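I have placed the structure first, in the form of C-alpha cells, so that the comments after it can refer back to it.
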Amino acid sequence: MATLTLKNVPENLVEQLKGEARQNRRSLNQEAVSRLELSVVLRKRSAAETVAALRRLHKKLGRGPILTDAFIDRAKREGRP
C-alpha cells in the first residue's frame, strides 16, 4: 500500500476527524482512508444507485423507517414552507 502525507491540515479539522474516528471505533488513519474511499465512490454513483445502496443498508440494519420514495420526499420537505 502507498503512504500519503498531508500538509497544512487545519487543527480543527484534525480534531473533528479524531472525534469521528473515536465514534466509529477506528484509528485516525482508518477514518481518513474510509472517508477518502467514500468520497471517490459516491462521486461515481448515480442518485438511483445511492438510494439503492441506502435501501440495502437499511434492510441489513433492520430498524428505522422504511425508505420509500414517499418517505424520502416527505423528509426532504420537512421543515420547509
Side-chain angles (χ1 to χ4, degrees):
M1 287 203 186
T3 299
L4 174 68
T5 301
L6 299 174
K7 297 180 180 181
N8 302 318
V9 179
E11 191 62 36
N12 65 331
L13 180 58
V14 173
E15 291 305 315
Q16 286 179 313
L17 194 58
K18 284 180 181 179
E20 294 293 320
R22 276 191 299 275
Q23 285 182 334
N24 294 322
R25 297 182 180 162
R26 296 181 180 140
S27 69
L28 179 58
N29 186 76
Q30 289 169 326
E31 188 68 24
V33 169
S34 176
R35 287 172 177 258
L36 285 170
E37 286 174 337
L38 279 174
S39 70
V40 171
V41 169
L42 290 178
R43 288 177 191 242
K44 292 181 180 179
R45 280 187 187 170
S46 69
E49 291 169 326
T50 301
V51 169
L54 289 170
R55 286 187 172 137
R56 285 191 303 273
L57 177 60
H58 178 264
K59 185 175 181 179
K60 180 179 176 182
L61 294 175
R63 61 178 187 255
I66 297 172
L67 296 178
T68 62
D69 289 336
F71 176 85
I72 293 170
D73 288 340
R74 188 176 71 246
K76 288 192 293 188
R77 288 190 309 274
E78 192 172 284
R80 296 183 185 176

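All values below were derived from every heavy atom in this structure, side-chain atoms included, with hydrogens, water molecules and symmetry-related copies excluded. The shown structure was predicted, so the numbers you read here are calculated from the model rather than taken from an experiment.
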Note to self: List the residues meeting side chain to side chain contact (heavy atoms under 4.5 Å, CB included) with A52, not counting sequence neighbours, and say none if there are none.
What the structure shows: R56
Notebook entry, point to check: Going from CD on E31 to CD on E20, what distance comes out if it is rounded to the nearest 0.5 angstrom?
Noted result: 6.0 Å
Below 3.5 Å, can you tabulate the donor-acceptor pairs from side chains in residues 4-18 to any protein atom, sequence neighbours excluded?
none

Next item on the list: Using a strict 4.0 Å threshold on nitrogen-to-oxygen distance, state whether D69 and R55 make a salt bridge.
Entry: yes
Notebook entry, point to check: What closest approach, in Å, do A21 and S27 show between heavy atoms, and which atom pair accounts for it?
Noted result: CB-O, 3.8 Å
